[in-house]
Every structure is written in structure tokens, then in C-alpha cells.
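Right, one structure below, let's go through it.
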Amino acid sequence: MSMRAEGKDNMAFLEVKGIEKSFGRTEVLKGIDFSMEKGEVLAIIGSSGSGKTTLLRCLNFLETPDKGSISVNGDVMFDCEEAPYSDSAKREKRLHFGLVFQSFNLFPQYNVLRNISLAPELRQIRGRKLSKAEKKKIRADIDENSRRLLDTVGLAAKTYNYPCELSGGQQQRVAIARALALNPDILCFDEPTSALDPELTGEVLRVIRELKNSDRTMIVVTHEMNFARGVADKVIFMADGVIEEYGSPDEVFGDPKSPVTKAFLEKSLENI
């Protein structure tokens with residue numbers, strides 16, 4: 001029998017209730033419920049095909065759930081009773097979440113600074129009647145913030161480099177800075193180290209640990225069991241589209257209740 005994560009109270013920072021998603025006849029998410037408090041780090045683990053990435057894509061409005069609701073800080077982001085949403089409404093709601101993909105997705109034609117500054121610049125300038133002086137001021141402020149973010153992820157020296165001149169770990173750190181540039185309420189990572197070798201994996205995980213120390217609210221889909229156990233406040237184990245286990249790292253890793261969780265962890269920890 002599967003177990004669902006339950007919110008601590010009605011004031012949780014993130015509330016996800018009854019999320020279901022199918023592609024054709026394939027049920028990928030079968031009723032996902034969980035909650036998070038502001039500043040918490042949630043790790044989501046599970047085998048490939050368990051629904052982890054689809055859940056992140058639903059939170060970020062890259063997929064539309066078939067059922068359920070999502071609320072952030074008391075504001076409803078999605079409710080199947082109110083869908084469908086316009087493209088502009090989805091864009092606005094998406095700003096509450098930042099998503100760092102496993103494949104970086106940087107623009108190869110732009111340098112590092114421009115990769116970070118482009119989205120906030122478009123958001124603040126596009127469609128507004130502004131003077132040249134106002135636009136210049138906005139761009140200068142955005143560039144200054146982008147440089148601060150690059151310093152945060154340890155890449156101030158790479159400001160004017162292009163993605164092709166960076167290692168995979170450096171590209172992923174730029175992607176993290178880009179996601180932070182829009183100041184999302186919740187930062188999501190989809191297997192952020194899956195394309196990296198062990199040395200570069202360490203670079204990215206260090207940045208995520210530092211973000212935790214700054215009280216960032218984060219959801220990390222990961223196959224790094226030691227990272228999930230050492231950094232997360234809560235852990236979700238997903239299997240076959242449901243939350244099979246939910247709890248603190250000590251509970252999930254040290255005393256799992258589900259046989260499915262136990263089997264997964266035994267196999268995973270054998271490979272560490």
C-alpha cells in the first residue's frame with residue numbers, strides 16, 4: 001500500500017494536492033499530495049519512470065495536470081476546476097518556480113552574463129513604454145544582479161565566456177544562476193548532476209548546499225543518495241506514479257516502512 005505525504009498544516013508554503021497526470025492511457029502521476037515549509041529542501045528519489053520529472057514539470061507549468069491543485073504561500077497556482085489557463089497566466093504562475101534542467105539548456109550564442117540577464121530583462125522591459133534612460137537603468141541593475149549571482153555560484157571569472165568554453169559543471173552552475181535571476185519562490189532541480197562526472201558533480205552539489213544555507217526553498221530530484229540524506233529536510237520516494245514513502249532522511253533511509261522503498265535503497269546503496 002502506498003503512502004502519501006501530508007501537509008503539516010494549512011499554512012504550508014507549498015501545498016500539492018491530488019495531482020494526477022496521464023499521457024494517453026499511461027498514468028504517470030496517480031494522486032500526489034505533499035507540502036513544504038519555506039526554507040525547506042525536499043529531495044525526490046526513485047527509479048526512472050516513477051514520475052519524478054513529470055511532477056516537476058507540472059509544478060513549473062511545462063505540463064498541465066489532469067487533476068489536483070497547487071498553492072504557493074496561500075495563493076492558488078493551479079486548480080483543475082479553474083483550468084484551462086491562458087498562456088500569459090501560465091507564464092506568470094511559472095515565475096513562482098525556477099527549474100534547473102539536467103541538460104543545462106543554455107543559449108550557445110550568448111555569453112554567460114547574457115544567459116542570466118536575458119529573461120529578467122524581457123520580463124521588465126517587454127510591452128512597457130519606457131524611455132531609453134529607464135531601459136538603460138533596468139539593464140544596468142539586472143546586469144549587476146547577474147554578476148552577484150555569478151559570484152554566488154563561483155563563476156565571476158567566467159562572466160564573458162560562452163557556454164562552449166565552460167565545463168559541464170560550470171554550465172550547470174550558470175543554469176542555477178539563471179534560475180535564481182527571476183527570484184523564484186521555489187527552486188527546482190531535475191537530476192542536476194546526471195550528465196556530470198564525479199568531480200564536476202561535487203561542484204554543483206556544493207552550490208546547492210550553499211543555497212540551502214541561505215534558506216532557499218528547493219525541490220531536488222536526484223539519484224545522489226548521500227546528498228539527499230545529508231542535505232534534504234524531507235525525502236519523497238516515488239514508485240509507479242505514487243509517493244511510496246515520505247519523511248525525514250533518517251526515517252526514509254534509516255527506517256523505511258515500504259518493502260518497495262527498502263528494495264530500491266538496498267540496490268542504490270550497493271552502487272555507492
Side chain to side chain, [X] and [Y], heavy atoms closer than 4.5 Å:
| X | Y | value |
| --- | --- | --- |
| I176 | V204 | yes |
| F227 | T201 | no |
| V235 | E251 | no |
| L113 | Y160 | yes |
| R128 | I138 | yes |
| F189 | M218 | yes |
| D240 | V260 | no |
| M36 | K234 | no |

Checklist entry - L59 and I186: side-chain contact (heavy atoms from CB on, under 4.5 Å), yes or no, with the steps? => result CA-CA 10 Å; L59 292 176; I186 300 166; over 6 Å; no
In Å, rounded to the nearest 0.5 Å, how long is the span from [atom1] of [X] to [atom2] of [Y]?
| X | Y | atom1 | atom2 | answer |
| --- | --- | --- | --- | --- |
| L95 | D185 | CG | CG | 9.5 Å |
| T222 | R229 | OG1 | CZ | 14.5 Å |
| R94 | L182 | CZ | CG | 11.5 Å |
| N60 | C188 | CG | SG | 4.5 Å |
| S117 | L122 | OG | CG | 9.0 Å |
| M238 | I32 | CE | CD1 | 4.0 Å |

I need the minimum non-hydrogen distance between [X] and [Y], along with the two atoms involved.
| X | Y | result |
| --- | --- | --- |
| L29 | C58 | CD1-SG, 4.1 Å |
| V231 | V41 | O-CB, 4.2 Å |
| E37 | F13 | C-CB, 3.8 Å |
| L200 | G168 | CD1-N, 4.0 Å |
| A228 | P249 | O-CG, 4.1 Å |
| G39 | D233 | O-OD2, 4.1 Å |

Next on the checklist: Test of understanding: with salt bridge (Lys or Arg N to Asp or Glu O under 4.0 Å), list the residues that count as partners of E63, not counting sequence neighbours.
Outcome noted: R57
Next on the checklist: Please evaluate residues R148 and N145 with respect to the criterion side chain to side chain donor-acceptor pair (under 3.5 Å), reporting the C-alpha separation (whole Å), side-chain torsions for both, the decisive distance (0.1 Å), and the verdict.
Outcome noted: CA-CA 5 Å; R148 281 197 298 266; N145 185 58; 3.3 Å; yes
Side-chain ([X]) to main-chain ([Y]) donor-acceptor, under 3.5 angstrom:
| X | Y | result |
| --- | --- | --- |
| Q172 | P192 | yes |
| D190 | T53 | no |
| S50 | S47 | yes |
| D79 | S69 | no |
| E191 | H223 | yes |
| R178 | N115 | no |

Item to check | Full working for side-chain contact (heavy atoms from CB on, under 4.5 Å) between V174 and K158 | outcome: CA-CA 9 Å; V174 172; K158 302 293 184 180; over 6 Å; no
Checklist outcome for this item: Test salt bridge (Lys or Arg N to Asp or Glu O under 4.0 Å), reference R139, set E121, E144, E134, output is E121
Next on the checklist: Would F237 and L265 count as a side-chain contact (heavy atoms from CB on, under 4.5 Å) here? Give the steps.
Outcome noted: CA-CA 10 Å; F237 169 64; L265 291 176; over 6 Å; no
Next on the checklist: Looking at F23, I'd like to know if the NZ or CZ of K21 sits under 6.0 Å from its six-membered ring centre while staying within 45 degrees of the ring's axis.
Outcome noted: yes
Are [X] and [Y] linked, directly or through other ILVMFWY residues, by side chains that come within less than 4.5 angstrom of each other?
| X | Y | value |
| --- | --- | --- |
| L149 | L205 | yes |
| F97 | I116 | no |
| L166 | L150 | yes |
| L62 | V220 | no |
| L187 | L155 | yes |

Could you pull out every donor-acceptor pair under 3.5 Å between side chains of residues 98-110 and any protein atom, sequence neighbours left out?
{"unit_1": "Q102", "atom_1": "OE1", "unit_2": "S194", "atom_2": "OG", "d": "3.0"}
{"unit_1": "S103", "atom_1": "OG", "unit_2": "N105", "atom_2": "OD1", "d": "3.1"}

Item to check | More than 12 heavy atoms from other groups under 6.0 Å of NZ on K67 | outcome: no
Item to check | CA sep, side-chain torsions, deciding dist, call: K52, I236, side-chain contact (heavy atoms from CB on, under 4.5 Å) | outcome: CA-CA 10 Å; K52 308 184 301 297; I236 282 175; over 6 Å; no
